[in-house]
Amino acid sequence: MAIIVDEKTRVLIQGITGHQGTFHTKEMLRFGTKVVAGVTPGKGGAEVHGVPVFNEVKEAVDETGANTSLVLVPARFAKDAIIEAIDAGIRTIVVITEHIPFHDTIEIVHYARYKKVTMVGPNCPGVASPGKAKVGIFPNHIFREGNIGVASRSGTLTYEIVDSLSREGFGQSTCVGLGGDPVTGLNFVEVLEMFERDEETRAIVMVGEIGGVAEEEAAEYIKDHISKPVFAFIAGRTAPPEKRMGHAGAIISRGRGTAKSKIEALRKAGVAVAEFPDEIAKLIKENT
Amino acid sequence: MKLLEYQGKHLFERYGIPIPRGRVVDSEEEIKDIPLPCVIKAQVTVGGRGKAGLIKEARSEEEARRVATDLLGKRLKDIPVRKLLVEEKVEIDKEIYLSFSIDTSKRAYLLMANSLGGVDIESIPDEKIVKEWINPLIGLQPFNVRRVVERLNVAQRKEIYDIISGMYRIFKDYDCELVEINPLALTREGKLIALDSKIIVNDDALFRHPDLVEEDEGIDPIEREAKQKGIAFVRLDGNIGVIANGAGLTMATLDALKNYGGDAGVFLDLGGTDDVEKVKQAFQLMKKAKPKVILLNLFGGITKCDTVAKGVELVISEEGIECPIVARIKGVNEEEAREILKNAGIEAVENLHEAARLATEFAKR
């Protein structure tokens, strides 16, 4: 099974002809992902690593049956690209782009929901289901097939945690990068719900960080709805208030969004919270 | 970007929201033909001006000049006072709180109101705050405003309605994260006047607003330089300079240090880069912050370990780095990176625990 992306995923890359687009097309193909099309307005007819490039999303969807889009276009054009993909019938959109204006993101998120499209990100590393498909920019070598579901607000920290899980023999069903922005298409709660339903997933790892209340909401949800064991790491225990720690969403504002509040809420919900990123594998060993 | 009070009030004026008569000055000589009695308010974007004594009253021009001389050059949380807003003093009958912000969990715009304005909204019990959520695709509807006006229990319904509508237009037109009036004063004459403004414009949307100019508030020059170079740099209280790739990993490194008794003095997120030049810039910024030891924590992926190592080697050979460097290297091309660092005199470790322990040890020497 796996969630969000799997063997049926047919990927279209928006912004395929850029430096990032070209590089990640190759990496995704190597992972075994079915990359079927690319879109860059004005570059229709070109090819990137054998993948045909189209001028518009509708045309690409009609010709190739793409059902999932990876968005790598610059921030100021992202809203346009995403709405175009939604209107062309794309069902899953993964937005890697960072620095999309806040008001654009909030409109896109609502439009995606209205059209019942799954949107992941923005400002995220993507989604990967080892052995099936990767729609994103994670390094390929960190993954291993298995039954741990990972959901994370961070990029590199997720690579680190996934890598240590793989080394300890805990492969992954799906790894979802939720994104480091204050407003994202998917939050922990939605992904927890998907992992709970996914037969392949036996345990869930959450990687959270300071800012917002997504982890606290997840803790509430876990109490009543999640039967699978959940493990977590929360970054930013020592972060000062009112300072934006790299991610737009990573800020303790007016006393809200501290790591302490998140860790306490999760522990109360029965989640085992690790002190160090590399402790998660040990916690899973002890508790499953 | 946080607008200063007077900048926010200029926007209010343009959008039909009443503000007190007044003017902005940056020296005491400019104080003439001012409304009296007046309120003199230091223009800084950090909160707590009232408590810090940076909002004062004056009854005569002479007194106003004395107050201005005193206030200019004072500092609040390290931010120097460079401008003052001199305004007519308003006799207040009632204070109202109004704001538009974004509720990140409901992913909707949030209109908040309360008739106990003038105090920090955080200190008001939740049930006393009137809240109205607005669908971003539909936008503010008249019923949203009516619902709020109804609950505020103020006779000036039409005026409040117009003020809320104006605030919403600013919120949308200027890509704001927050538009707040606290307080909106109901004067003894029955007029509504915005006595303060707090507006935060989303940094990522500034390209759409070339008319907004950030006031030079004398922020940390290294932080400013970092911002220009697109590097996330935050100054902290400790003495260990932390450089890592990725915001989450950098935060986790700070936390790991604390577990071993070390305190970070700099948070520097290298981000996803494979550019030696950017690595050099990051280390040059770090040098300027003069940490006692630098802790480099890398998990190579898109950012390749050897690229970072080359950058470090270049900075060392070209200009030198005075403090010790502890490096923890893992991921793509880690062997090559280790070799390069070794030649530059740095032994890289593989484990974050070991690196945090070593860095703390150096910092305490």
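All values reported here derive from a predicted model rather than from experimental measurement. So that the names make sense, note that chain A is the first sequence line, chain B the second, and so on, each numbered from 1.
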Asker: For B/Lys172, does the NZ atom sit with more than 12 other heavy atoms under 6.0 Å from it, leaving out its own atoms?
Answerer: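 Yes, the 6.0 Å shell around NZ holds more than 12 heavy atoms from other groups.
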
Asker: Measure A/Pro277 against the heavy atoms of chain B and call it side chain, backbone, both or neither at under 4.5 Å.
Answerer: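 The side chain, not the backbone.
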
Asker: Given that the side chain runs from C-beta out, which part of B/Ala205 has a heavy atom under 4.5 Å from chain A: side chain, backbone, both or neither?
Answerer: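 Answer is both: backbone and side chain atoms of B/Ala205 are under 4.5 Å from chain A.
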
Asker: Of all heavy-atom pairs between A/Ala250 and B/Met251, which one has the smallest distance, and what is that distance?
Answerer: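 Between these two residues, the closest heavy atoms are CB-CE, 3.8 Å.
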
Asker: Quick one: what part of A/Asp181 sits under 4.5 Å from any heavy atom of chain B, side chain, backbone, both or neither?
Answerer: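 Neither; nothing under 4.5 Å.
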
Asker: How close do B/Ala252 and A/Leu157 get, heavy atom to heavy atom, and via which atoms?
Answerer: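 For B/Ala252 versus A/Leu157, the nearest heavy atoms are CB-CD1, 3.9 Å.
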
Asker: Within residues 20-31 of chain A, which positions have a heavy-atom distance to chain B below 4.5 Å?
Answerer: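 If one takes a 4.5 Å heavy-atom cut-off, the residues of residues 20-31 of chain A near chain B are A/Phe23, A/His24.
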
Asker: Please enumerate all residues that pass ring pair (Phe, Tyr, Trp, His ring centres under 6.0 Å) together with A/Phe138, with sequence neighbours excluded.
Answerer: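 Partners of A/Phe138 by the ring pair (Phe, Tyr, Trp, His ring centres under 6.0 Å) criterion, ordered by chain and then number, come out as A/Phe143, A/Tyr159.
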
Asker: Looking at every non-hydrogen atom in both residues, tell me the closest pair between A/Val213 and B/Ser105 and how far apart they are.
Answerer: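 The answer is CG2-OG, 3.7 Å.
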
Asker: Just wondering, are more than 12 heavy atoms of other shown residues or ligands nearer than 6.0 Å to CG in B/Asp237?
Answerer: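 No, the 6.0 Å shell around CG holds no more than 12 heavy atoms from other groups.
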
Asker: Distance-only, no hydrogens or angles: does the B/Asn202 side chain make a donor-acceptor pair with backbone N or O of A/Phe102 under 3.5 Å?
Answerer: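 Flag set: sc B/Asn202 to bb A/Phe102 pair under 3.5 Å.
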
Asker: Decide if atom NZ of A/Lys260 counts as having more than 12 heavy atoms of other residues, nucleotides or ligands within a radius under 6.0 Å.
Answerer: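 No, because the 6.0 Å sphere around NZ of A/Lys260 holds 12 heavy atoms or fewer from other groups.
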
Asker: With a 4.5 angstrom heavy-atom cut-off, is it the side chain or the backbone of B/Phe299 that approaches chain A, or both, or neither?
Answerer: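 For B/Phe299, backbone and side chain are both near chain A.
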
Asker: Taking all non-hydrogen atoms of both residues, which atom of B/Gly246 and which atom of A/Thr156 are closest, and how far apart?
Answerer: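 Distance-wise, the nearest heavy atoms are CA-OG1, 3.4 Å.
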
Asker: Is a donor from one side chain sitting under 3.5 angstrom from an acceptor on the other, for B/Asp269 and A/His247?
Answerer: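 No.
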
Asker: Listed by chain and number, what are the side chain to side chain contact (heavy atoms under 4.5 Å, CB included) partners of A/Pro240, not counting sequence neighbours?
Answerer: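 Only A/Lys243, A/Met245, B/Leu236 meet the side chain to side chain contact (heavy atoms under 4.5 Å, CB included) criterion with A/Pro240.
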
Asker: A/Gly236, A/Gly155, A/Pro139: which one forms the most heavy-atom pairs within less than 4.5 Å of chain B?
Answerer: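 Greatest number of close heavy-atom pairs with chain B: A/Gly236.
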
Asker: Hey, does the side chain of B/Arg107 reach the backbone of A/His110 with a donor-acceptor pair shorter than 3.5 angstrom?
Answerer: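 Not confirmed, B/Arg107 side chain does not pair with A/His110 backbone.
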
Asker: If you count every heavy atom of other residues, nucleotides or ligands that lies below 6.0 Å from A/Arg256 atom CZ, does the total exceed 12?
Answerer: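 No, the 6.0 Å shell around CZ holds no more than 12 heavy atoms from other groups.
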
Asker: Can you name the residues of residues 74-84 of chain A that have some heavy atom under 4.5 Å away from a heavy atom in chain B?
Answerer: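 Only A/Arg76 of residues 74-84 of chain A have a heavy atom under 4.5 Å from chain B.
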
Asker: Less than 3.5 Å apart, any donor N or O on the side chain of B/Tyr109 or A/His103 sitting next to an acceptor on the other?
Answerer: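 Yes, A/His103 and B/Tyr109 have a side-chain donor paired with an acceptor closer than 3.5 Å.
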
Asker: Show your working on side-chain contact (heavy atoms from CB on, under 4.5 Å) between B/Val332 and A/His141 and close with a plain yes or no.
Answerer: CA-CA 9 Å; B/Val332 175; A/His141 67 90; 3.5 Å; yes

Asker: Do you know which two heavy atoms are closest between A/Phe276 and B/Ala256, and how far apart they sit?
Answerer: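 For A/Phe276 versus B/Ala256, the nearest heavy atoms are CE2-CB, 3.6 Å.
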
Asker: Top residue by heavy-atom pair count (under 4.5 Å) with chain A, among B/Asn259, B/Leu254, B/Leu352?
Answerer: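 Winner by heavy-atom pair count: B/Asn259.
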
Asker: Quick one: of A/Asp278, A/Thr238, A/Val189, A/Val207, who has the most non-hydrogen atom pairs under 4.5 Å with chain B?
Answerer: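 Ranked by contacts with chain B, first place is A/Thr238.
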
Asker: Above 12 or not: heavy atoms from other molecules or residues under 6.0 Å from CZ of B/Phe207?
Answerer: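 Correct, the count exceeds 12.
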
Asker: Using non-hydrogen atoms only, which part of B/Thr250 is less than 4.5 Å away from chain A: side chain, backbone, both, or neither?
Answerer: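 For B/Thr250, no heavy atom lies under 4.5 Å from chain A.
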
Asker: So, B/Thr104 side chain and A/Val183 main chain: donor-acceptor pair closer than 3.5 Å or not?
Answerer: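 No, the answer is negative, given that no donor and acceptor are paired below the 3.5 Å cut-off.
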
Asker: What residue, out of A/Gly246, A/Ala248, A/Gly255, A/Gly208, has the most heavy-atom pairs lying under 4.5 Å from chain B?
Answerer: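 Option with the top pair count is A/Gly246.
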
Asker: Side chain, backbone, both or neither: which part of B/Phe171 has a heavy atom under 4.5 Å from chain A?
Answerer: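 Answer is both: backbone and side chain atoms of B/Phe171 are under 4.5 Å from chain A.
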
Asker: Output yes when a side-chain donor or acceptor of B/Asp255 lies under 3.5 Å from a complementary backbone atom of A/Ala235, and no otherwise.
Answerer: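 Checking the backbone N and O of A/Ala235 against the side chain of B/Asp255, no donor-acceptor pair under 3.5 Å is found.
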
Asker: Quick check on A/Ile161 against chain B: is it the side chain, the backbone, both or neither that has a heavy atom closer than 4.5 Å?
Answerer: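 For A/Ile161, neither part sits under 4.5 Å from chain B.
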
Asker: So which heavy atom on A/Glu107 is nearest to which on B/Leu137, and how close?
Answerer: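 For A/Glu107 and B/Leu137, the tightest heavy-atom pair comes out as O-CD2, 3.6 Å.
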
Asker: Counting only heavy atoms closer than 4.5 Å, note whether B/Ile102 contacts chain A via side chain, backbone, both or neither.
Answerer: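 Side chain only.
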
Asker: Evaluate A/Glu160 against B/Arg328 for salt bridge (Lys or Arg N to Asp or Glu O under 4.0 Å), listing each step before the verdict.
Answerer: CA-CA 12 Å; A/Glu160 168 105 47; B/Arg328 181 266 178 167; 2.5 Å; yes

Asker: Kindly compute the distance separating OG (A/Ser164) from NZ (B/Lys330), expressed to the nearest 0.5 Å.
Answerer: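 Atom-to-atom, A/Ser164:OG and B/Lys330:NZ are 7.0 Å apart.
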
Asker: If you count heavy-atom pairs under 4.5 Å between each of B/Leu249, B/Asp103, B/Leu298 and chain A, which one has the most?
Answerer: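 Greatest number of close heavy-atom pairs with chain A: B/Leu249.
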
